[in-house]
Amino acid sequence: MRLSFLATVLTAAQAISAAKLTISIPPSPPVLPNPATLPSSTHAVLLGSPGIKHTAPLRRDNTFVFPSLAEDSYLLTIYSRDHAFAPYRVDITKAAAASAQQDVNVWWTYRGNEWSNKGPLLGSGQDDLRVEIRPTAMKDFYQQRGGFNLVGFLKSPMILMGLVSVVMIFGMPYLMENSEALLDLDPETKKEFEEMQKSGPTAQASSAVDSIQNFDLAGFLSGKSASSSGAATPSAAGGGAKKR
Amino acid sequence: MLLPIYAAVVLLLRPALAVFADEAWTVDYHHALLGLPKQSTTFFHRPDPNSRASLIYTLSEQGVIGAVNPRDGAVVWRHLLNSTNDASQPSFLRAGDAQDAVVSGLGGQVTAFSAADGRVDWQHIAPDALVDLEILELEDGRGTPGAKDTLCMSAGQHPSVQRLDGATGAVKWEHKIESGDMPYQVSASTTEVFAILLHKTVLGYVKINVVTLDPVTGRKTDEYTLSSENELATAATIVAVGANSASPIIAWTDSAYKTLRINVIGKKAIVDFPINTLGGRPPQRVALHAPYLTTSLAHFLVHYQSLDADWAEVYHVDVKNGRIEKAYDLPKIEGRSSFSTSTNGANVYFTRVTKDHVFTVASTSHGILGRWNVDSTTSSLTDGTARPVHAASEVSVKGESVSAVRSAVLLSSGEWLLLRDGSPQWTRPEILAGTVSAAFALPSEVSDLVNELQEEAHSNPVSAYVHRITRHIGDIQKLPLLLAALPQRFVHGFLGTGSDGSDTFGFHKIIVSATSDGHLVAVNAGRPSDVLWSSAAVILSSGQVWNARVESAAPGIVRVLDDISPMPTFFNASTGAAIGEDEVTSDAALPTSVEVDFTLKDGQLYGTTASQSGHNELWHFGLQKGETILSLTPRPVNDPVASIGKVLGDRKVLYKYLNPNLALLATTYAGQSRLSIYVLNTVSGAILYSNSHQNIDLAAPIAATLSENWFAYSYTAESTSTAPKGHQLVVGELFESLTSNDRGLLNAATNVSSLASSTQPLTLTQTYHIPESISKMSVTQTRQGITSRQLLAVLADSNAIVGIPRGVIDPRRPVNREPTKDEQMEGLFRYTPVLDFDPKWYLNHRREILGVKDVITSPAILESTSLVYAYGLDVFGTRLNPSFNFDMLGKDFNKFQMLATVAALAVATFVVAPLVQRKQINQRWQFA
């Protein structure tokens with residue numbers, strides 16, 4: 001926002017045959033519906049050859065005016081607090097070898113590319129050019145906190161896996177009982193099935209749960225096998241529950 | 001399986017290095033400053049003539065023009081007009097009566113601003129440096145009725161007076177001053193424009209020449225000389241040239257302040273008034289206060305200031321015949337008072353602000369219309385530590401009496417205070433706008449405890465035990481107070497409302513700033529809204545700038561080095577009291593003596609050793625012909641590094657080149673746009689890395705920083721056939737070797753001397769094209785250096801500071817290929833030549849930080865947090881967590897939710913416990 005730009009501009013000879021560039025900011029919804037809301041610190045900078053830098057503040061009529069530009073190739077940047085603008089290239093060249101007139105051309109330019117890589121032409125004129133430049137985006141400064149979201153929480157794969165296993169552990173026995181009732185199995189098959197269930201995966205899982213609950217650290221450290229301690233669980237578990 | 005999860009975690013981490021919406025205006029603090037307002041350029045003005053609301057406009061010594069809301073002291077708009085901070089340059093600010101414009105003049109530039117929002121109306125380049133600027137209040141039939149024209153007078157080779165169109169800034173006429181006299185001021189009455197010139201006589205005296213100009217054509221109509229041949233020795237005793245009043249006057253005194261001579265401009269008569277000292281000392285300063293409007297009564301006040309008292313006289317001018325009469329006196333009051341003029345319609349009021357009272361009188365009679373006591377709660381004004389320097393006032397008039405008066409008073413302590421009927425409404429610490437150096441310091445209470453503990457550790461057991469018991473007894477006495485405050489502390493902690501004053505996390509560090517006018521000002525980073533203490537450290541002659549450097553010498557003590565006294569001075573950081581050097585216990589954490597020192601002397605860089613025979617030159621950096629040193633950035637003294645290596649994705653280690661004696665030297669070549677960068681070993685003087693860039697814009701800022709084992713610098717380059725035009729950032733990192741799990745030549749060594757071995761680090765660099773130039777760089781600091789760092793870059797064009805995460809500018813980012821799985825594990829991603837500053841990196845978010853010259857950082861007690869303080873013109877501070885606040889609960893931690901969960905679990909336990917018990921009993925008794 002430094003407005004003291006004139007030390008470099010003011011060689012009088014240049015001022016005589018110098019081009020004028022006016023940049024206006026039109027209303028451009030949805031990014032900027034009303035350019036009058038731009039803060040007064042908004043300014044445009046033309047960066048020329050080494051040592052040449054012109055700054056133009058925002059005027060009342062939403063324009064930036066560079067009254068006298070010498071022949072050069074400039075990088076145009078617009079700085080605003082809340083809006084982002086693309087960079088542009090401004091070239092001021094002699095119109096013809098003998099004439100005093102100057103061509104003014106404004107192109108898009110791309111950062112990280114060689115300077116000769118110009119984008120589409122934005123405007124072109126002689127001695128006096130007025131171009132319209134629109135902001136590209138609003139600046140979003142703030143990071144929103146990821147608040148607690150129950151649906152999102154339930155959607156996460158870890159929770160889903162956990163829920164499925166909980167359903168399996170608690171729901172299966174009921175499911176089995178109900179299915180038995182529905183199927184109305186004969187006692188022999190039922191007995192056989194129960195035998196199978198006792199040695200099946202769910203029984204193993206429940207014994208594993210038991211062994212974790214009654215984990216005998218001393219025994220584990222002394223190298224005693226887990227299965228022998230697991231065999232002694234029912235009474236131990238009952239005792240523990242009673243004490244509570 | 002692990003890799004995608006890890007990558008997801010890295011992706012989740014990246015945007016979190018941003019400003020959170022709920023912390024944005026609470027964690028950070030900002031003083032949007034203007035600088036010290038000048039008397040001649042500070043006034044109340046209504047931006048909208050139809051509304052009664054007025055703003056205070058000022059153009060400060062720091063060259064900032066701005067509008068302040070008198071209600072709350074908030075800045076409505078402001079512009080930094082010059083960045084050179086040359087206070088001696090004359091600057092002007094004028095507003096026409098009932099105009100929606102203020103016109104500023106600085107250097108050679110005249111700018112008209114919209115008074116309401118600070119947008120520019122027009123700009124005009126004067127032929128040379130301005131000496132005066134006025135609004136032409138007269139209405140000539142041809143001018144547009146809306147915008148009043150401006151008169152500007154410029155000096156230089158071809159001095160001239162120009163009249164500028166009020167709507168467009170176009171020159172209406174120009175009067176060239178060809179008499180060879182020095183232009184002094186320009187003034188206007190309702191019918192004429194006067195150019196006041198100073199004519200140097202052969203004997204070195206000054207004569208006042210008045211040239212009368214026609215306001216419509218600018219032609220000279222008359223010219224006459226005031227003052228005799230040998231009356232004025234210098235222009236300094238010209239008290240005032242009244243501008244724009246119904247009858248402008250010019251007043252001057254002799255150098256001994258014996259007589260006041262007044263002339264109504266346009267009339268040739270000079271009236272002499274002997275200066276009445278009222279039986280006291282002769283005045284040291286005479287000032288004149290007159291209204292600035294042609295519609296006001298032609299009354300003025302002459303303010304006399306002696307060493308210990310102030311008094312004033314009010315004069316009336318008869319517009320018709322140009323006679324001047326003294327109307328009445330305002331009594332002498334010991335201590336400083338300041339006078340200001342306000343108008344209401346044609347009436348003129350004078351307001352006097354003293355240490356204890358605010359008085360308002362009308363210009364017509366000496367009867368006091370309003371008198372208010374200055375509230376005793378005003379700190380620095382009433383306790384006598386500060387005196388009023390100057391004031392601008394606005395009066396509200398109801399009928400014949402003054403119902404209210406608002407005065408914006410600049411105090412000698414550098415605070416700008418608004419008094420409304422004597423009661424302070426707000427203060428602005430404008431003194432901080434002149435900060436030249438600042439440093440973080442621990443509060444002295446912390447260091448007191450440290451000292452006591454050290455005393456116990458170093459004395460014999462018995463006395464240590466006694467000392468400890470007495471200390472504990474002293475502590476017990478504070479217990480009732482602590483217990484009484486406990487409930488409130490719990491409530492505050494639970495609701496998160498305000499802090500309890502304790503500083504467990506080390507956020508309440510004290511920032512001591514040295515200002516260019518010789519003050520030391522301390523601000524608490526935990527309570528930044530008010531100034532902790534402020535004192536005048538040195539007495540400077542006028543125009544002198546204090547070149548000081550503030551450093552933290554020991555816990556609770558700051559050291560100030562300047563070019564006035566050869567020895568450093570020490571101050572208590574909590575109270576500002578000066579301390580003798582013998583009381584300072586040196587900070588054990590910092591090395592006190594160095595074997596090899598390096599100094600920058602007369603543009604040359606030397607390395608010296610201290611030995612018995614004095615300083616021996618060890619090495620000397622040989623500059624090439626035409627090469628000059630631009631900057632030297634040594635590695636910070638306190639720069640802890642947690643890990644000597646970088647852990648790669650495959651759990652191997654890449655060893656960093658860690659050397660405490662590193663410095664980054666930037667040099668330029670006269671006449672060539674070339675920049676050279678060297679990384680030096682400051683002990684041996686060896687060049688560890690060097691690079692040179694062509695086609696560099698040396699007028700643009702070149703910033704550099706160095707930390708840990710990496711460095712960064714930025715410059716602005718002109719386009720070549722291969723390189724793009726624009727601003728570039730280079731980041732380099734030094735490694736012992738680029739092979740993992742290999743320390744290169746240092747492998748077997750346990751001790752290494754820079755002088756004996758010549759190990760060269762391997763340097764990786766990457767360059768990024770950045771959207772704007774960086775004017776200053778800094779790096780965050782944390783207590784142990786475990787937290788990843790951020791590169792802090794000051795963007796002068798955006799009025800912002802960005803914190804660039806270190807991971808984004810890692811020079812090991814893979815170029816022209818996608819990262820491998822190991823690199824992804826490390827958090828590296830593909831190199832892109834463009835580095836855009838994400839708005840989420842802006843530490844200042846929506847605040848605009850003007851004129852930042854430097855950014856300092858300091859660790860807090862918490863490892864995750866780095867304190868940041870930026871100064872220059874504005875003052876901005878914040879806390880940063882470059883890798884999250886992993887050791888502290890953030891604002892996202894919901895205390896209610898946690899308590900609700902605990903309560904729900906408790907209820908569930910109580911409900912479920914009997915059920916479970918019954919089920920278990922049933923289990924025992926039921927047999928299948």
Side-chain angles (χ1 to χ4, degrees), chain A residues 1-10 15 36 38-43 45 47-53 55-62 65 67 73 75 77 79-82 84 87 89 109-117 138-148 238 241-242 244, chain B residues 15-16 18-22 24 77 79-84 106-109 111 114 117-121 125 673 695-700 716 718-719 721-726 769 771-772 796-799 832-834 839-840 842 845-846 848 850 891-892 894 897 913 916-917 920 923-924:
Chain A
M1 208 187 0
R2 288 180 177 85
L3 307 182
S4 60
F5 57 91
L6 295 151
T8 49
V9 195
L10 267 182
L38 284 172
S40 66
S41 58
T42 307
H43 61 288
V45 173
L47 188 73
S49 304
I52 296 181
K53 184 184 177 185
T55 306
L58 184 64
R59 299 207 172 200
R60 239 187 245 240
D61 54 354
N62 306 316
V65 179
S73 183
L75 172 69
T77 323
Y79 299 100
S80 182
R81 186 188 63 196
D82 300 329
R89 171 179 169 160
T109 186
Y110 306 106
R111 274 186 204 116
N113 283 274
E114 55 272 24
W115 190 235
S116 53
N117 184 359
M138 282 284 282
K139 289 184 191 169
D140 179 17
F141 297 108
Y142 303 107
Q143 179 74 34
Q144 296 298 330
R145 297 243 187 231
F148 182 73
K242 247 181 200 167
R244 200 159 11 113
Chain B
V19 178
F20 283 105
D22 52 359
W77 58 267
H79 290 281
L80 182 59
L81 291 184
N82 78 336
S83 49
T84 55
L106 184 74
Q109 191 173 356
T111 313
S114 156
D117 61 4
R119 297 257 192 126
V120 169
D121 264 346
I125 317 303
S673 38
N695 274 318
I696 302 301
D697 187 351
L698 296 178
T716 301
E718 171 64 3
S719 63
S721 52
T722 51
K725 184 188 180 90
H769 202 177
E772 59 186 293
D797 271 319
S798 289
N799 303 322
T832 49
V834 181
K840 292 197 169 62
Y842 281 52
H845 49 98
R846 262 179 75 108
E848 291 190 89
L850 241 69
K891 285 219 166 172
D892 54 337
N894 193 334
Q897 197 179 335
V916 171
Q917 207 165 13
Q920 279 171 346
Q923 212 172 20
R924 300 259 162 125

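A note on names: the letters A, B, ... follow the listed sequences, proteins ahead of strands, and every chain is numbered from 1. What you see below is based on every heavy atom in this structure, not just the backbone, and it leaves out hydrogens, waters and symmetry mates.
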Among Ala699(B), Pro833(B), Pro724(B), the residue with the most heavy-atom pairs under 4.5 Å to chain A is Pro724(B)
For Phe141(A), which atoms come within 4.5 Å of any heavy atom of chain B: side chain, backbone, both, or neither? both
Contacts of Glu718(B) meeting salt bridge (Lys or Arg N to Asp or Glu O under 4.0 Å) (sequence neighbours excluded), chain-then-number -> Lys725(B)
Heavy-atom closest contact (Gly51(A) atom, Asp697(B) atom, distance): N-OD1, 2.7 Å
Just give me the residue among Ser798(B), Gly726(B), Pro771(B) that pairs up with chain A most often, heavy atom to heavy atom, under 4.5 Å. Pro771(B)
His79(B) to Leu850(B) - nearest heavy-atom pair and separation: C-CD2, 4.4 Å
Supply the atom-to-atom distance Tyr842(B) OH to Glu848(B) CD, rounded to the nearest 0.5 angstrom. 11.0 Å
Taking the side chain from Arg89(A) and the backbone from Trp115(A), do they hold a donor-acceptor pair closer than 3.5 Å? yes
One option among Ser114(B), Ala24(B), Gly118(B), Ser673(B) has the most heavy-atom pairs under 4.5 Å with chain A, and it is Ser114(B)
If I measure from the heavy atoms of chain B, does Asp140(A) come under 4.5 Å with its side chain, its backbone, both, or neither? both
Which portion of Ser73(A) sits near chain B, non-hydrogen atoms under 4.5 angstrom: backbone
Closest heavy-atom pair and its distance - His43(A), Asp797(B): CE1-O, 2.9 Å
Do the side chains of Thr77(A) and Leu47(A) get nearer than 4.5 Å, heavy atoms only? no
Largest heavy-atom contact set with chain B, pairs under 4.5 Å, which of Asp82(A), Asp61(A), Asn117(A): Asp82(A)
Among Thr832(B), Asp121(B), Asp117(B), which residue forms the greatest number of heavy-atom pairs with chain A at distances under 4.5 Å? Asp121(B)
Winner by heavy-atom pair count (cut-off under 4.5 Å) against chain B, out of Pro39(A), Ser80(A), Ser49(A), Ala84(A): Ser49(A)
Applying side-chain contact (heavy atoms from CB on, under 4.5 Å) to Ile696(B) and not counting sequence neighbours gives Leu675(B), His693(B), Leu698(B), Ile702(B), Tyr715(B), Ala717(B)
Chain A contact via Ala700(B) - side chain, backbone, both or neither, heavy atoms under 4.5 Å: neither
Please state whether the side chain, the backbone, both or neither of Gln923(B) comes within less than 4.5 Å of a heavy atom of chain A. neither
Counting heavy-atom pairs under 4.5 Å with chain B, which one of Arg60(A), Arg59(A), Arg81(A), Glu114(A) comes out on top? Arg60(A)
